[in-house]
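Taking it in order: structure first as structure tokens, then the write-up.
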Amino acid sequence: MNGVVEATNKNIKIILRKIVDNYRCHEKLSFTLLGYRNTMRTSTGATPYMLVYGTEVMILTEVEIPSLRVIQEDKLEDAEWIRIRQEQLMLIDEKRMDTVCHGQLYQNRMASAFNKRVKPRQFTPRQLVLKKIFPHQEEAKGKFAPNWQGPYVVHRVLLVGALILAEIDGRVSMKPINSDTIKRYYI
């Protein structure tokens, strides 16, 4: 969730830089947010405003200079307008489901593009490796501490990318380790 907020803030800053010349940022923030909320996202195939409210935003110029959409809504009776609005609201879930499907297809395309460039790492028994030290581990002693510990010996290769490691002296750890956290050690 934090990453989404950071990405949104980054995009809003970029839009603000494009809008602001000699004006103060707070004077143009509402226009920036309007532009951001009404820009189609590649990952979802929809605008954030449409996903929340189920309809595209009506900008102020459409109200002052009536567009076809405003003219059509003005000619409706109140009961007819309410019925049409209820139908639109019922379609929100369908639009959101379309967006979820679009998002999943987008993620699959991105994953396949990424996986084309990834070379799987193969480990064999008796191979020397290093194990990554994560920040939450006791071994992580600060900024200048090493990022890898070892060397270890691959004792056994398990299915789906897991390994059983052994110390150099032969003591075997029974806890499997994900091969993504291991790299080869070259002497």
query: Residues in side-chain contact (heavy atoms from CB on, under 4.5 Å) with Phe114, at least two apart?
result: Arg117, Val118

query: Which ILVMFWY residues are connected to Val172, directly or by a chain of links, through side-chain heavy atoms under 4.5 Å apart?
result: Leu158, Ile164, Met174

- prompt: For Tyr106, what are the other residues in its hydrophobic cluster, where any two members join if their side-chain heavy atoms are less than 4.5 angstrom apart?
  reply: Met110

- prompt: Is the closest side-chain heavy-atom distance between Val129 and Pro151 below 4.5 Å?
  reply: no

task: Find out if a path of hydrophobic residues (ILVMFWY) with successive side-chain heavy-atom gaps under 4.5 Å connects Ile133 to Ile182.
output: no

- line: Closest non-hydrogen atoms of Ser179 and Arg121, given as atom of the first, atom of the second and distance, are O-NH2, 3.3 Å

query: Under the salt bridge (charged side-chain N to carboxylate O under 4.0 Å, His left out) test, which residues partner Glu94, sequence neighbours left out?
result: none

message: Quick check: do Thr181 and Phe134 have side-chain heavy atoms less than 4.5 Å from each other?
response: yes

- prompt: For Leu128, which fellow cluster members are found when Ile, Leu, Val, Met, Phe, Trp and Tyr are connected by side-chain heavy-atom distances below 4.5 angstrom, either directly or through intermediates?
  reply: Leu130, Trp148, Val153, Ile168, Tyr185, Ile187

field: Contact list for residues 122-131, test side chain to side chain donor-acceptor pair (under 3.5 Å), sequence neighbours left out
entry: none

Test side-chain hydrogen bond (donor to acceptor under 3.5 Å, both in side chains) applied to Thr47 - qualifying residues, sequence neighbours left out: Glu56

message: Gln107: which residues meet the side-chain contact (heavy atoms from CB on, under 4.5 Å) condition with it, sequence neighbours left out?
response: none

statement: Those residues at least two apart in sequence (or on a different chain) that pass side-chain contact (heavy atoms from CB on, under 4.5 Å) with Arg171 are Glu167, Asp169

